[in-house]
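First the structure, in the form of structure tokens, and then the observations on it.
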Amino acid sequence: MTLGARFALGRLFERLTALAAALIVLALGVVLVDVLRDGVGVVSWRFFVDEPGAGPTEGGIFPAIFGTVALTLVMTIIVMPLGVGAALYLHEYASPTSRLAGLARAAVHHLAGVPSIVYGLFGLGFFVHALGGALDAATGQALKWAQPGLLWAACTLAVLTLPTVIVATEEALRAVPSEVRLASLALGATRAQTLGRVVLPAAAPGILTAAVLAVSRGAGEVAPVLLTGVASWLPDLPGSLSSQFMHLGFHAYVLATQSPDVDAARPALAGTVAALLVLTFLLNLVAIVLRARLRRGMEAS
Amino acid sequence: MRELTQPAVAARPGPPSVDAQRRAARWDLLVELAVTGAGVAGIVLLLLMIVFVVREALPLVLDPVQREQASLAKLLLPQPWRDGHAPALLWNPTSKVPKVSVWPLVIGTLKVTGVALAVAAPAGVAAALFTSEFAPSRLRTWVKPTIELLAGIPSVVLGSFALMTLASALQSAFGFDFRLNALVAGLAMSLAIVPVIYTLSDDALRAVPHTYREAALALGATRWETAFRVVLPAAAPGVLGALVLGVGRAVGETMIVLMASGNAALVSANLAEPTRTVSATIAAEMGEVVMGSTHASLLFLLGAILFVFNLVLNVTAGAWVRARLARREGAPS
């Protein structure tokens, strides 16, 4: 092959790779435009704050929004201490050659690869049946905790988002220069004092990123909550941690597949999907911006 | 003015008292214990997951009735289902005589995963080659975050996009008999896994040392030849890891297939027919199942299969990648 032909062929293939990148971005654009175009017409202030009407296709989606927010809030309260603690162990306490730390790392790696529906099964088998059953037996109640509800769904999502939080927090800890730790220790601070007053404050933006990532992941997951506490139609807001709840993602699924009249459900579906997309999208955008700042700061130092 | 009257020495903290030092030491120990506990939580949770998913599937082995209803032969071999018809592989665990063949579900999963991978693997790797090797750096700085945004779209949103828009578009374009089918679900799934494949491939390609590129270019290779025949093979372990993760995601993904595949458990190679995957079966049937029944145990068995599949995939791919990387770095393998 002549040199010219080789260059021409190379340029052709280069363009093909550019085309692939363009196609992926285009696909993203098509999904966004399609979802938002249908949704914008429906979405109004009333749609968000209204109680549902006589059926799932009428009225607003307030209970679904409330349920999603309550769920992710409880989830965050559970996962953040655990995830940040685990990252602190892996990055600050365990020696690089520690076998326990190696095992913990491998376990987190595998947890990240477990399909979300399996998390649902785990939540049902462990939290609802085993833990809930034990709680009921201990408190002498019948079927209060041993059935799907807000707390168990939040616990399940907390396990699901644990790897996300650990990985993101570790990245934040890596960005804290080791000199400041050494300086603090040299001044006579204990390890715990160094953590609390030097390392954690410096890593705070990164830990915030971890929380945002976890929330956006948790808010969008439907398969795990499907088995652990979501209700398809429940105008009453969840009153306690053991109540069932409505959920934006599940509501979208119900509207799309379970309604007797698909065309009647279309507007409500479009609005619900748009609301869910905007919610998770904004959270992701925040996380990506925070993370980009963090990385830039790290490269600069 | 009061500060002036106070002795200057008091403003400077003296050495901590013995008591305070003891307190600090106790705290130090407490924090270390708590943090170690959190670190171990991942291991404990993974073990609990194995134990509790398997525990709920265990009656299939231990309970004589369940063992009879879902024997290995019934799970794996064609079974007679109607007089005058040949034995077949059927999944219908709620019928009068439960039919529990796992093949229709496994085949459905393979079909959807195959379609998704056939689209997402070339597109994702090519896009990664573009941003890591060819694109001007300004373009790269916004293409990568944009594709990462795609990863943040909840699967239920992709599912309803596939159900409402993609399915109709494909049907009018190709004239499918069934609006929802394996192809629709697979294409929607490719949207879910392409960001995974792209991001990790891009990372792997960028991690290839610059000396490789410089050497290839100095030897007279074109930019494309350098990228395709030097950089890509050098990054092969990472790219393969990306593909494996994509497969794992596709096999376990639930909502997209639940909404867009049509959910008919058929043994067929035809991509234009409805299909039902392992994950969608769990999601669709768990809600109505009677706890303690053979059906419930079967659904947990399917979950255990998914779990083990992903574990094996991760472990083997991880081992392979490490071995290849070690060889690339020149360490004895």
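In what follows, every chain begins at residue 1, and chains take the letters A, B, ... in the order their sequences are listed.
Residues H110(A) and N310(B) form no side-chain contact, since every pair of their non-hydrogen atoms from C-beta on lies 4.5 Å or further apart. Between W224(B) and R11(A) there is no side-chain heavy-atom pair separated by less than 4.5 Å.
Residue V273(A) touches chain B through both its backbone and its side chain, counting heavy-atom pairs closer than 4.5 Å. Proximity to chain A is absent for every atom of A135(B), based on heavy atoms less than 4.5 angstrom apart. For chain A, the nearby parts of M49(B) are the backbone and the side chain; heavy atoms of each come within less than 4.5 Å. Within the 4.5 angstrom heavy-atom criterion, no atom of V125(B) approaches chain A.
Distance CG/L28(A) to CD/E148(B): 12.0 Å, rounded to 0.5 Å. Note that the CE atom of M286(B) and the CG atom of L226(A) stand 10.5 Å from one another [nearest 0.5 Å].
Residues that satisfy the side chain to side chain donor-acceptor pair (under 3.5 Å) test with T2(A), not counting sequence neighbours, are absent from this structure.
Counting heavy-atom pairs closer than 4.5 Å to chain B, the top-ranked of the candidates A274(A), G188(A), G10(A), G123(A) is G10(A). When each of L16(A), V222(A), V30(A), L19(A) is scored by its heavy-atom pairs under 4.5 Å with chain B, the top score falls to V222(A).
Residues of residues 157-165 of chain A placed with any heavy atom under 4.5 Å of a heavy atom in chain B are listed by number as V159(A), L162(A).
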